[in-house]
2 protein chains.
Amino acid sequence: MSTESGRPAPEPADETAPVSEMGDREAPARLRGLPSRLLALTAARADRLVSEGLAEQDARKWHYAVLAALDEHGPTSQAGLSRRTGIYRSDLVAVINELAERGHVERTPDPEDRRRNVITMTARGREHLERLDRVLADIQEELMEPLSKAERALLTSLLGRMLDH
Amino acid sequence: MSTESGRPAPEPADETAPVSEMGDREAPARLRGLPSRLLALTAARADRLVSEGLAEQDARKWHYAVLAALDEHGPTSQAGLSRRTGIYRSDLVAVINELAERGHVERTPDPEDRRRNVITMTARGREHLERLDRVLADIQEELMEPLSKAERALLTSLLGRMLDH
DNA sequence: CCTTCAACGTTTGTCCCGCTAACGTTTATG
DNA sequence: CATAAACGTTAGCGGGACAAACGTTGAAGG
């Protein structure tokens, strides 16, 4: 890039490696093989990929979670969504707002229980969800690219078992 | 609280499941098997265990990283530590301060390059590191408890490969 | 020698995330 | 009825990752 005399990019050269980039290169041996650390690093990378991928669609992961929940069990109250997605009800408010702004979801008071808002996915929302499905699938692919099909299945099963305490 | 008369603990009963607790119980099928999500959840759990375990020793994970680096390559400048541990130099300041307060580390100006501080691990620091080693080992054990020895090795190798892009 | 530039340590601030607390409203319960 | 519980919402905290800027010190080159 720009071989000419034009020195536009001083190039900091300072730099502490961002965690996201730092595979393990210089890391102390004690840390290099630590499962908890490997998990943290891979998860960080995964999270970065997901966030970036979704950002391109003007979405965040919570959006996906909510839309997925709505797709699976139709219209749901916010509290219900909170339970199913694990999003705190405090944070859910903003998520619903954002989804509503984008027309992916509608918030209507529940006539039968006036405490509740019933959240309903719109047609646009469903299209959006399908787009996100594809994005997510691509990301999983990229994330586990170096693994064989069998290894991928193995990984998810190992992780799954760890989560069941 | 404590109004004597048998107040059986109000028990919020409200509750959105904390991410840390939420295995997958009610999660939408779309999310349930998503590798990026499984990674995030297990990593979150791991992180929680590690943070709590280290907190009991009045330590944080950065402390461990720095001590490990110092143990491996003797005294090092802060910038050097930053590179090896992946901690941003901005944040490293506080970490060194904390370690210094606890007497695990000494910060001395480098006479040969007066820009640098040379960080040296003390004897107490080394003892501390060994304590942390044990704590960490226990945590890995707990974390991967449901996995066989072979599966544990498999998991770390899969994760390792994913990290090498 | 003097200027320029890079590295160093430090301070300050930003953004996001998981999570808590509190509050007003509405519905159940007894 | 009174009281408790669930609901949606606002505000805030603590921590982690990261950027920007600054003063100081060293290295390199004209």
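Chain A is the first sequence line, chain B the second, and so forth, proteins listed ahead of strands; every chain is numbered from 1.
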Visitor: Provide, to the nearest angstrom, the distance between the CD atom belonging to A:E98 and the P atom belonging to D:dT9.
Guide: 13 Å
Visitor: Can you tell me whether the side chain of B:S90 and the base of D:dA19 have a donor-acceptor pair closer than 3.5 Å?
Guide: yes
Visitor: Counting just side-chain N and O atoms, does B:W62 come under 4.0 Å of either OP1 or OP2 of D:dA17?
Guide: yes
Visitor: Please state how far atom CZ in A:R89 lies from atom P in C:dT20, giving the value in whole angstrom units.
Guide: 11 Å
Visitor: How far apart are the closest heavy atoms of B:R116 and B:S77, and which atoms are they?
Guide: CD-CB, 4.0 Å
Visitor: Would you call A:R60-A:E98 a salt bridge at under 4.0 Å N-O?
Guide: yes
Visitor: Is there a side-chain contact between B:R83 and the phosphate of C:dC8, meaning an N or O under 4.0 Å from OP1 or OP2?
Guide: yes
Visitor: Please report the closest heavy-atom contact between A:L92 and A:Q78, naming both atoms and the distance.
Guide: CD2-O, 3.0 Å
Visitor: Atom NZ of B:K61 and atom P of D:dG15: how far apart are they, to the nearest Å?
Guide: 12 Å
Visitor: For A:I96 and D:dG8, give me the distance from atom CD1 to atom P, rounded to whole Å.
Guide: 9 Å
Visitor: Mind listing the closest non-hydrogen atom pair of B:G74 and B:T76 along with its distance?
Guide: O-OG1, 2.8 Å
Visitor: Are B:Q140 and B:R152 close enough that a side-chain donor and a side-chain acceptor fall under 3.5 Å?
Guide: no
Visitor: Could you state the CG-P distance from B:L92 to C:dT10, rounded to the nearest angstrom?
Guide: 9 Å
Visitor: For A:V118 and A:P75, which heavy atoms make the closest approach, and how far apart are they?
Guide: CG1-CB, 3.6 Å
Visitor: Would you mind reading off the distance between B:N97 atom CG and C:dG9 atom C1', rounded to a whole angstrom?
Guide: 11 Å
Visitor: Is B:Q78 close enough to C:dA7 that one of its side-chain N or O atoms is under 4.0 Å from OP1 or OP2 there?
Guide: no
Visitor: Between B:I139 and B:G53, what is the shortest heavy-atom contact and its length?
Guide: CD1-CA, 4.1 Å
Visitor: Which of residues 105-119 of chain B have a heavy atom under 4.0 Å from DNA chain D?
Guide: B:D113, B:R114, B:R115
Visitor: Can a side chain N or O of B:Y88 be found less than 4.0 Å away from OP1 or OP2 on D:dA19?
Guide: yes
Visitor: Is a donor on one side and an acceptor on the other found under 3.5 Å between the side chain of A:S82 and the backbone of A:Y88?
Guide: no
Visitor: Using rotation axes that map the C1' atoms of four end pairs onto the next four (five pairs an end), what angle separates the end axes of the helix from C:dC1-D:dG30 to C:dG30-D:dC1, to 10°?
Guide: 10°
Visitor: How close or far is atom C1' of D:dG14 from atom CD of B:E52, stated in whole angstroms?
Guide: 15 Å
Visitor: Is a donor-acceptor contact shorter than 3.5 angstrom present between the side chain of B:D91 and the base of D:dC18?
Guide: yes
Visitor: How close do A:S36 and B:A46 get, counting heavy atoms only, and between which atoms?
Guide: CB-CB, 4.1 Å
Visitor: Considering every strand and a 4.0 Å limit on heavy-atom distances, what is the contact class for B:S77: base, sugar-phosphate, or nothing?
Guide: sugar-phosphate
Visitor: For residues 125-132 of chain B, dump all side-chain donor-acceptor pairs below 3.5 Å to protein atoms at least two apart in sequence or in another chain.
Guide:
| unit_1 | atom_1 | unit_2 | atom_2 | d |
| --- | --- | --- | --- | --- |
| B:H128 | ND1 | B:R131 | NH2 | 3.2 |

Visitor: Whole angstroms only, please: what is the CZ-C1' distance between B:R60 and D:dA17?
Guide: 13 Å
